[in-house]
Every structure is written in structure tokens, then in C-alpha cells.
2 protein chains.
Amino acid sequence: MSDYSEYSKVFKALGDTKRAMIVDMLSCGELCACMILERFDMSQSTLSHHMKILCECGLVKGREQGKWTYYSLDEDTVSEIKQFLCRITSDKENCMCKDSDCCKGCDGNE
Amino acid sequence: MSDYSEYSKVFKALGDTKRAMIVDMLSCGELCACMILERFDMSQSTLSHHMKILCECGLVKGREQGKWTYYSLDEDTVSEIKQFLCRITSDKENCMCKDSDCCKGCDGNE
DNA sequence: TCCTCAAATTGACGTTTATCGATATGACGC
DNA sequence: GCGTCATATCGATAAACGTCAATTTGAGGA
């Protein structure tokens with residue numbers, strides 16, 4: 001049904017403080033790598049690595065223009081991950097937990 | 001301003017497939033550890049470790065009752081993490097990126 | 001008071017991650 | 001074509017992570 005492992009990549013990406021900050025920065029619009037780098041105390045190779053992770057999970061898109069690479073949020077993925085987060089944290093009428101032998105607690109079940 | 005590292009813990013917790021599944025299970029209501037364990041192919045100590053991580057980041061609450069421990073989602077944290085996700089992914093009028101030397105792109109800035 | 005059972009903790013392991021410096025790639029201007 | 005600049009990739013390293021089996025803790029029942 002829901003692809004946990006796909007979205008886990010996104011959560012893993014957001015699980016790093018600096019990557020969460022990068023996402024926050026990009027939420028205001030496209031930025032080129034050097035602008036992002038300026039804001040952080042990290043090497044260029046480390047930033048590049050973080051951007052790769054953000055891109056690979058789908059949260060961020062890269063657009064190359066000459067020497068520069070511009071990054072921006074992928075709004076589709078953003079909205080998907082929000083939906084996913086809502087889905088796994090909200091009660092479901094037909095949840096698997098509602099049938100048979102789950103959600104009764106140990107007492108009622110043994 | 002916003003405490004990235006606090007919420008990064010929550011994302012890190014959700015970044016593991018199995019923990020995301022556990023959250024999904026708990027969204028339908030309280031469950032005791034043994035019920036969760038039944039659903040997974042993992043050792044009891046591994047489950048206990050995952051539950052600890054989920055509790056420590058605030059996503060899940062544990063309630064001990066006799067021999068058993070019942071787990072449930074902490075709705076406050078759930079709502080906070082949703083808000084945080086929205087915040088870092090949506091455009092902000094007074095975003096730090098809107099001032100001075102950011103968001104102009106490299107061309108306009110050097 | 002024992003024994004049993006649920007859960008947490010410990011210690012070990014192999015894997016993944018974050019980071020860096022160094023190097024490679026590829027675009028631009030001369 | 002040659003330096004320079006922006007990024008990406010590589011290789012190394014130390015820390016963090018997921019997992020298990022074994023042990024400990026603590027509650028309940030005989």
C-alpha cells in the first residue's frame with residue numbers, strides 16, 4: 001500500500017539538521033549552491049553531498065545553468081511527504097489495526 | 001528561532017522504515033509492545049530500542065501497567081512536527097532569505 | 001519465596017553516515 | 001587552448017545506527 005521506504009528516504013534527509021535548514025532556505029525560492037554554502041560552516045564537498053541526498057529523495061530539484069547549479073524545492077514531493085506524515089499519524093477507519101487480533105491489548109488477546 | 005535539532009530527531013526517528021510502520025500502527029490507538037513485536041520480524045531487544053528512540057524524540061508515549069508497556073502517539077508532538085514541516089517548506093514573507101545578500105542568485109551578487 | 005513472563009539494558013557486530021581534503025569535470029573568459 | 005571558477009566525485013576516517021543474543025530488572029502468580 002504505502003511505500004514506507006520511499007518516504008523514509010525523505011525523512012532521513014530531513015533528519016539532518018543542516019539539510020533541514022537548507023530545505024528551509026529553499027522554501028523561499030531557488031538558490032544556487034554557492035549561496036547556500038556561504039551560510040554554512042562546511043566544506044564544499046560536504047554541501048554537495050547533502051544536496052545529492054536532498055535531490056535523490058526527491059525533495060529538491062537541481063537546475064544547471066553554466067557554471068552554477070540552482071536548487072529549489074520539489075513541491076510535489078513536499079506535498080506527498082506532508083500527506084504521508086498525516087496518513088501515518090492519523091486514525092484510519094479501515095486500518096489493519098482495527099481487525100482481528102490487533103488493538104485489543106495483550107489482556108484481551110491471550 | 002526554530003529548533004531544528006529537536007525536530008530533526010523526530011525526522012530521524014521516522015527515517016527508519018520499521019519505526020514509521022510502528023507510528024502508523026499506533027495511529028489507530030494504544031498498543032502494547034508485545035502486539036507490535038508480533039507484527040515484525042525483529043528481536044525483542046531491537047523493538048525495545050526502536051521504541052526508546054520513538055519515545056525520546058517525543059513522538060510516542062509509553063505507559064507501564066504491570067508487566068506490560070502500552071505505547072501511543074503523542075498528539076502534541078505529531079502536531080508540532082506537522083507544523084514544523086509546513087514551516088520549513090513554505091514560503092515566508094519575512095524569511096531571512098528575503099533580506100540583504102541572499103536569494104539574489106550568484107550573478108546579482110558578485 | 002520462587003518461577004515466569006514482559007520489557008529494558010548491555011555488549012558486540014557489520015553497515016551507513018557525515019565529514020574532510022584532494023582530485024576530476026565541465027563551463028566561461030581570455 | 002589555458003587558467004579559473006563552481007560543482008561533483010573519490011577515498012579515508014570517525015561517529016552513529018540497526019541488529020542480535022545474552023543478561024538484568026521488575027511485576028505477578030503459585
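Sequence lines set the chain letters: A, B, ... in the order given, protein chains first and strands last, and positions in each chain run from 1.
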Without decimals, in angstroms, what is the distance between B:Y70 OH and C:dA7 C1'? 13 Å
With B:H50 via side chain to side chain contact (heavy atoms under 4.5 Å, CB included) - residues at least two apart: B:D16, B:R19, B:I22, B:M42, B:T46
B:D24 with A:K92: basic N within carboxylate O range, under 4.0 Å: yes
Check: protein-nucleotides 25-30 of chain D nitrogen or oxygen pairs below 3.5 Å:
none

When the distance from CD of A:E56 to C1' of D:dT9 is rounded to whole Å, what number comes out? 12 Å
Could you state the NZ-P distance from A:K9 to C:dT16, rounded to the nearest angstrom? 13 Å
Once base and sugar-phosphate atoms are separated, protein heavy atoms under 4.0 Å mark nucleotides 14-21 of chain D, 5' to 3', with B, S and - as ---SSBBB
In whole Å, what is the span from the CH2 atom of A:W68 to the C1' atom of C:dT25? 17 Å
Residues which pass side chain to side chain contact (heavy atoms under 4.5 Å, CB included) with B:C86, listed by chain and number, not counting sequence neighbours: A:K82
Who are the side chain to side chain donor-acceptor pair (under 3.5 Å) partners of B:S45, not counting sequence neighbours? B:S43
Expressed as a whole number of angstroms, how long is the span from B:M35:CE to C:dA7:C1'? 16 Å
Distance below 4.0 Å between B:Y71 side-chain N/O and C:dA8 OP1 or OP2: yes
Please list all pairs meeting salt bridge (charged side-chain N to carboxylate O under 4.0 Å, His left out) that have one or both residues in residues 59-70 of chain B, counting only residues at least two apart or in different chains. B:E30-B:R63
In residues 72-80 of chain B, what donor-acceptor pairs under 3.5 Å come from side-chain atoms, sequence neighbours left out?
from  : atom 1 : to    : atom 2 : distance (Å)
B:D74 : OD1    : B:D76 : N      : 3.0
B:D74 : OD1    : B:T77 : N      : 3.4
B:T77 : OG1    : B:G58 : O      : 2.8
B:E80 : OE1    : B:Y7  : OH     : 3.1

Between C:dA7 (C1') and B:L31 (CG): distance, integer Å: 16 Å
Starting at atom CZ of A:R63, determine the distance to atom C1' of D:dT7, rounded to an integer number of angstrom. 15 Å
Rounded to the nearest 0.5 Å, the CG atom of B:L59 sits from the CG atom of B:L54 at a distance of 6.5 Å
Can you hop from B:L31 to B:I53 via hydrophobic side chains spaced under 4.5 Å? no
Should A:L26 and A:Y71 count as side-chain neighbours, where that means a heavy-atom distance under 4.5 Å? yes
Would you kindly give the CD-to-C1' distance between A:E38 and D:dT7, to the nearest whole Å? 16 Å
